[in-house]
Amino acid sequence: MQRLSALFPSMKRIVILGTGGTISGLAGQAGDNVGYEAGRVAVDDLVAGVPAQPDSRLETEQIAQIDSRDMSFDIWRRLAQRVAHHLARADVAGIVITHGTDTLEETAYFLHRVFAPSRPVVLTAAMRPATSLAADGPQNLLDALHLAAMPEARGVLVCMAGQVHAGAEVRKIHPYRLDAFDSGDAGPLGYMEEGALRRLRDWPAGTPRGVAGLERTDWPCVDIVMNHVGADGRIVDALLASGTRGFVAACTGNGTLSSSLESALLRAQEAGIAVLRAGRVARGSLIDGSASRLPSAGALTPVQARVELLLRLL
Ligand code: ASP
């Protein structure tokens, strides 16, 4: 077996932060790719499972051990603190985060907006549990380690099924296939091929918001309300009564809302509640020109727009 030091010759360290997910999931039978429990295998053991021996240049830290459907503000706060800590270290080349696929795009966008880092922060995951006959986790993790070790790499990246996506654009598009992610109209940033990146476009860029305010424990409630046939304002009023501080409207078409839902959101906005319109359609960006008095989130998906609003309100 090859030593990891041979695979990753840089003297710098890679920190692997474990949060759980299917990549660390266990099923009762090797043939079962859906009836498993996520978040069971420790991040140390995931790293030991890539085809190499443990190496002192890899550091692991278990941040959480959850199914990512249960990702929480508490875990985001802790994750952001640890990412900030490790990015401040001169001896760290990059960070890999193992995560569940279900909310991975939200964590990726959150980290992109907070850090827009000049070093790589690579999220990786798996669609099949660690016990699967043909588990995808070990290859995804190995690819992510290669990416995090590249001296030229930067930004929040997602490495999955041989594809690399920018954290600002990635979204889950399939509940079962191994290549369950894409980057919308932008397309993937590149492909991992035997440890090398075939890059198609530039590394992600952005202005980091920074970690100020993330230490607060009272993160505001921001809720998503969807336009659909028969949508009305009742849900807005009910959520306002329960303490919502911001709304994202998941709009039909080019940012449209039923008259009744739009009126309720306008009333909320006039009362000082933050509102953003995002598109519920799978591709594209809202095009300016709509007469709506509710601001547009442009190309952001509803869940990305929710992160945006949350960070604004913190
Ligand atoms: N429910 C799992 C999770 O998000 C799915 C996965 O990781 O693929 O943790």
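Both ligands and their constituent atoms are indexed starting at 1 by order of listing.
Every atom of ligand 1 is numbered from 1 in the order shown, and the set under 4.0 Å from a heavy atom of Asp67 is 1 (N), 2 (C), 3 (C), 4 (O), 9 (O).
Heavy atoms of Gly25 come nearer than 4.0 angstrom to ligand 1 in no pair at all.
Here the side chain of Ser258 pairs no donor or acceptor atom with the backbone of Asp232 at under 3.5 angstrom. A donor-acceptor contact shorter than 3.5 Å links the side chain of Arg77 to the backbone of Arg216. Side-chain N or O atoms of Arg306 include none that pairs as donor or acceptor with a backbone N or O of Ile224 at under 3.5 Å. In this structure, the side chain of Arg201 does not engage the main chain of Pro204 through any donor-acceptor pair within 3.5 Å.
Closest to atom 5 (C) of ligand 1, if we only count protein heavy atoms, is Thr22 OG1, 3.1 Å.
Considering both main-chain and side-chain atoms, Ser68 comes within under 3.5 Å of ligand 1 through a nitrogen or oxygen pair. Polar contact with ligand 1: present for Ala126 (N/O pair, distance under 3.5 Å). Considering both main-chain and side-chain atoms, Asp102 comes within under 3.5 Å of ligand 1 through a nitrogen or oxygen pair. Between Thr101 and ligand 1, at least one N/O pair is under 3.5 Å apart. Checked against a 3.5 angstrom limit, the closest N/O atoms of Arg69 and ligand 1 fall outside it.
Between Arg13 and Asp91, at least one side-chain N (NZ, or NE/NH1/NH2) sits under 4.0 Å from a carboxylate O, which counts as a salt bridge.
The proximity of Tyr36 to ligand 1, defined as any non-hydrogen pair under 4.0 Å, is limited to the side chain.
For the side chain to side chain contact (heavy atoms under 4.5 Å, CB included) test with Val275, the passing option among Leu265, Leu266, Val248, Val236 is Leu265; the others fail. Screening Val83, Ile14, Ile16 for a side chain to side chain contact (heavy atoms under 4.5 Å, CB included) with Ile95, the sole residue that qualifies is Val83.
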